[in-house]
Amino acid sequence: MKVLVVGSGGREHALAWKIARSPLVSRVLATPGNAGMARDADCFPEVGASDADAVVALAKAENVDLVVIGPENPLADGLADRLREEGLAVFGPSAAAARLEGSKSWSKRFMARHGIPTAAFEVFDDLAAASAHVRERPGGCVVKADGLAAGKGVFVCGDSAAAVAALDEIMADRRFGEAGACVVIEDRLPGEEASYYAITDGTHVATLAPAQDHKRALDGDRGENTGGMGAYCPAPVVTEAVEKQILETVVHPVIRGMAAEGHPYVGVLYAGLMIDADGAVNVVEFNVRFGDPETQALMLAMEGDFVPLLDNAARGTLDRAAPVGSRDAAVCVVIASGGYPRSFDKGLPIEGLDAAGGLANCDDAVVFHAGSRREGDGFATSGGRVVGVTARGATVREARDRAYAAADRISFANAHKRSDIASRAVDR
Ligand code: AMP
Ligand code: GLY
């Protein structure tokens with residue numbers, strides 16, 4: 001089989017790496033891919049993930065058997081629909097189904113329609129009305145830009161002054177562009193977060209290991225929200241009883257609801273969840289794609305062949321695919337550019353990739369590239385999250401120690417990584 005992976009981040013590198021290990025696969029292509037992915041896939045840097053015409057043309061010219069779409073923006077823009085119209089097998093939801101992530105107001109109203117547990121909310125498209133609403137909430141609330149904002153459009157506010165400032169940034173300054181024309185304001189949920197991944201063909205479901213990421217920039221979950229500074233799996237907060245509840249109250253109702261509303265969901269449903277002290281589950285958000293960096297950990301921990309799952313989900317025959325398990329744990333430590341998630345320098349030479357690669361030369365530890373580019377014989381930084389150093393082990397502790405041993409070899413000017421990735425599981 002020839003498999004095309006669409007996207008260029010650490011998530012896509014991890015997907016390409018895992019797909020390339022399938023005995024069914026003769027070639028992995030990536031568009032645009034990134035310089036560090038070239039080991040695992042033939043990259044087509046001239047074809048952008050959002051250039052639907054070019055992606056369709058490439059998929060047809062190269063006769064690919066399956067397209068796996070990584071990022072949310074092309075999904076929201078209808079790339080999966082375009083590819084399906086051309087008769088290609090696609091892992092990823094239609095634009096209509098991608099509204100689960102693309103519009104937080106649509107997603108919250110969908111949850112309300114189907115009785116899916118989530119924080120109480122209101123939707124506003126008027127700054128004055130939104131500001132008045134948060135002033136009535138002195139204890140704080142969560143303010144979310146409605147549209148896609150690369151995971152950065154959410155502000156958890158401890159008091160109404162912080163919420164008013166967030167509204168100004170989103171609605172008046174338009175830091176996230178048109179994504180901020182409308183906001184969702186919701187109650188803060190107490191508890192511990194986890195993410196849960198269900199692969200679906202629109203009817204059947206296959207589940208992956210539950211994971212946890214670290215969204216805040218700094219140790220101790222301080223600082224701003226980022227795309228994710230590290231991740232690990234499995235997440236011990238998702239006990240068997242919690243998992244049962246997630247499937248019964250979240251995953252199956254979403255898949256039934258999407259089908260009943262006429263836009264069956266095909267791809268991976270990523271449920272961001274809050275689990276309270278009593279084990280009650282609430283949805284924080286849905287994403288319509290794999291999490292990043294969680295996927296880097298999931299791919300390393302996964303035993304068995306992932307490709308039959310992706311391929312059968314794309315073809316509506318997921319019940320024919322063998323489930324994939326993982327007895328192992330895995331941890332991903334992101335090394336980011338200093339200043340991320342705001343402004344940061346690019347083009348800084350990255351040292352130590354070979355040394356880290358020396359530790360990571362087996363399938364127990366891998367350096368996944370995200371924001372790097374080729375410079376001479378080496379690599380330089382080109383993005384906020386530069387690499388994800390990912391390792392597996394029999395326990396989360398073993399995986400974490402391996403990941404940090406490799407990550408500590410890598411350096412560039414102003415490099416920043418958290419030092420407490422996976423501590424919630426290790427210190428439990
Ligand atoms: P989202 O992009 O919606 O996942 O939000 C980003 C992060 O903000 C989440 O991972 C949570 O840490 C936090 N968050 C979002 N909504 C809530 C909520 N209702 N209560 C508490 N924390 C939240
Ligand atoms: N790690 C969070 C996300 O992928 O949205």
Side-chain angles (χ1 to χ4, degrees), residues 7 9-12 14-15 70-73 75-76 100-108 111 117-122 134 137 139-158 162-163 166 170 176 179-180 183-197 210-217 221-233 235 237 268-276 280-299 332-334 336 340-341 368 370 384-385 388 390 418 421 424:
R11 164 185 50 215
E12 286 78 17
L15 289 169
E72 60 274 22
N73 291 88
L75 290 166
L100 267 186
E101 173 170 0
S103 167
K104 288 193 189 282
S105 59
W106 192 89
S107 179
K108 293 290 287 192
M111 287 186 256
T118 189
F121 69 100
E122 302 260 0
V134 301
R137 276 159 186 72
C141 59
V142 184
V143 178
K144 302 185 173 185
D146 184 55
L148 294 175
K152 293 157 205 158
V154 172
F155 296 78
V156 180
C157 305
I170 297 172
F176 311 105
V183 290
V184 171
I185 298 174
E186 64 182 38
D187 291 350
R188 283 172 72 175
L189 293 162
E192 183 172 345
E193 278 183 80
S195 38
Y196 196 81
Y197 297 86
Q212 243 173 8
D213 77 343
H214 296 259
K215 286 204 170 66
R216 301 297 194 96
D221 293 329
R222 291 174 301 111
E224 283 198 87
N225 264 324
T226 70
M229 293 298 296
Y232 65 96
C233 67
V237 66
V268 59
L269 175 70
Y270 159 173
L273 304 165
M274 192 71 84
I275 297 149
D276 77 10
V281 171
N282 271 287
V283 175
V284 172
E285 62 160 355
F286 288 120
N287 295 310
V288 298
R289 36 93 193 159
F290 286 103
D292 195 8
E294 295 94 313
T295 303
Q296 302 180 42
L298 287 172
M299 292 303 114
C332 170
V333 176
V334 169
Y340 171 78
F368 292 121
R385 294 186 289 177
T390 311
R418 280 182 58 163
I421 301 303
R424 268 190 302 235

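We count ligands from 1, going down the list as the structure has it; atoms in each ligand are counted the same way. Any value given below was found using the heavy atoms of this structure, including those in side chains, with hydrogens, waters and symmetry copies removed. Here, residue 1 is the first one in the sequence, and each next residue gets the next number.
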### Structural part of Asp187 in contact with ligand 1, heavy atom criterion under 4.0 angstrom
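The backbone, only.
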### Message
Please check: side-chain N/O of Lys144 versus main-chain N/O of Ser105, any donor-acceptor pairing under 3.5 Å?
### Response
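Side chain of Lys144 to backbone of Ser105, a donor-acceptor pair under 3.5 Å: no, none is there.
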Enumerate the atoms of ligand 2 whose separation from the nearest heavy atom of [X] is less than 4.0 angstrom.
{"X": "Gly227", "answer": "1 (N), 2 (C), 3 (C)"}
{"X": "Asp292", "answer": "1 (N), 2 (C), 3 (C), 4 (O)"}
{"X": "Asp213", "answer": "1 (N), 2 (C)"}
{"X": "Asn287", "answer": "5 (O)"}
{"X": "Gly291", "answer": "4 (O)"}

### Task
Would you mind finding which of Glu193, Met274, His214 brings a heavy atom closest to atom 9 (C) of ligand 1?
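Heavy atom nearest to atom 9 (C) of ligand 1 belongs to Glu193.
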#### Entry: Option of least heavy-atom distance to atom 6 (C) of ligand 1 (set: Val284, Val156, Val154)
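Going through Val284, Val156, Val154 one by one, Val154 has the nearest heavy atom to atom 6 (C) of ligand 1.
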### Query
Any N or O on Leu189 sitting closer than 3.5 Å to an N or O of ligand 1?
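The answer is yes, given that Leu189 and ligand 1 share an N or O pair closer than 3.5 Å.
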Taking all atoms of both residues into account, what is the closest heavy-atom pair of [X] and [Y], and its distance?
{"X": "Arg188", "Y": "Val142", "answer": "CG-CG2, 3.5 Å"}
{"X": "Phe286", "Y": "Ser107", "answer": "CD1-OG, 3.7 Å"}
{"X": "Ala194", "Y": "Val237", "answer": "CB-CG1, 3.9 Å"}

### Query
Of the backbone atoms (N, CA, C, O) and the side-chain heavy atoms from C-beta on, which set of Arg289 has a member under 4.0 Å from an atom of ligand 2: side chain, backbone, both, or neither?
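For Arg289, the contact with ligand 2 is made by the side chain alone.
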### Query
Counting only heavy atoms, which portion of Glu294 has something under 4.0 Å from ligand 2: side chain, backbone, both, or neither?
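The answer is the side chain.
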Got [X] and [Y] here, is their nearest side-chain heavy-atom distance under 4.5 Å?
{"X": "Val154", "Y": "Glu186", "result": "no"}
{"X": "Leu273", "Y": "Val283", "result": "yes"}
{"X": "Asp213", "Y": "Ser195", "result": "no"}

Heavy-atom nearest neighbour in the protein, as seen from [atom], with distance rounded to 0.1 Å:
{"atom": "atom 19 (N) of ligand 1", "result": "Glu186 OE2, 2.7 Å"}
{"atom": "atom 16 (N) of ligand 1", "result": "Lys144 NZ, 3.0 Å"}
{"atom": "atom 2 (O) of ligand 1", "result": "Glu285 OE1, 3.1 Å"}

#### Entry: Pairing residues for Tyr270 by the ring-ring contact (aromatic ring centres under 6.0 Å, His included) criterion, not counting sequence neighbours
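Residues passing ring-ring contact (aromatic ring centres under 6.0 Å, His included) with Tyr270: Tyr197.
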Distance filter under 4.0 Å to [X] heavy atoms, resulting ligand 1 atoms:
{"X": "Lys104", "answer": "1 (P), 2 (O), 3 (O)"}
{"X": "Arg188", "answer": "20 (N)"}
{"X": "Asn225", "answer": "7 (C), 8 (O)"}

### Task
Evaluate the side-chain contact (heavy atoms from CB on, under 4.5 Å) criterion for residues Arg216 and Thr226: first the C-alpha distance (whole Å), next the side-chain angles of each, then the deciding distance (0.1 Å), finally the verdict.
CA-CA 6 Å; Arg216 301 297 194 96; Thr226 70; over 6 Å; no
### Query
salt bridge (Lys or Arg N to Asp or Glu O under 4.0 Å) between Asp221 and Arg418: does it pass, once the steps are laid out?
CA-CA 9 Å; Asp221 293 329; Arg418 280 182 58 163; 3.0 Å; yes
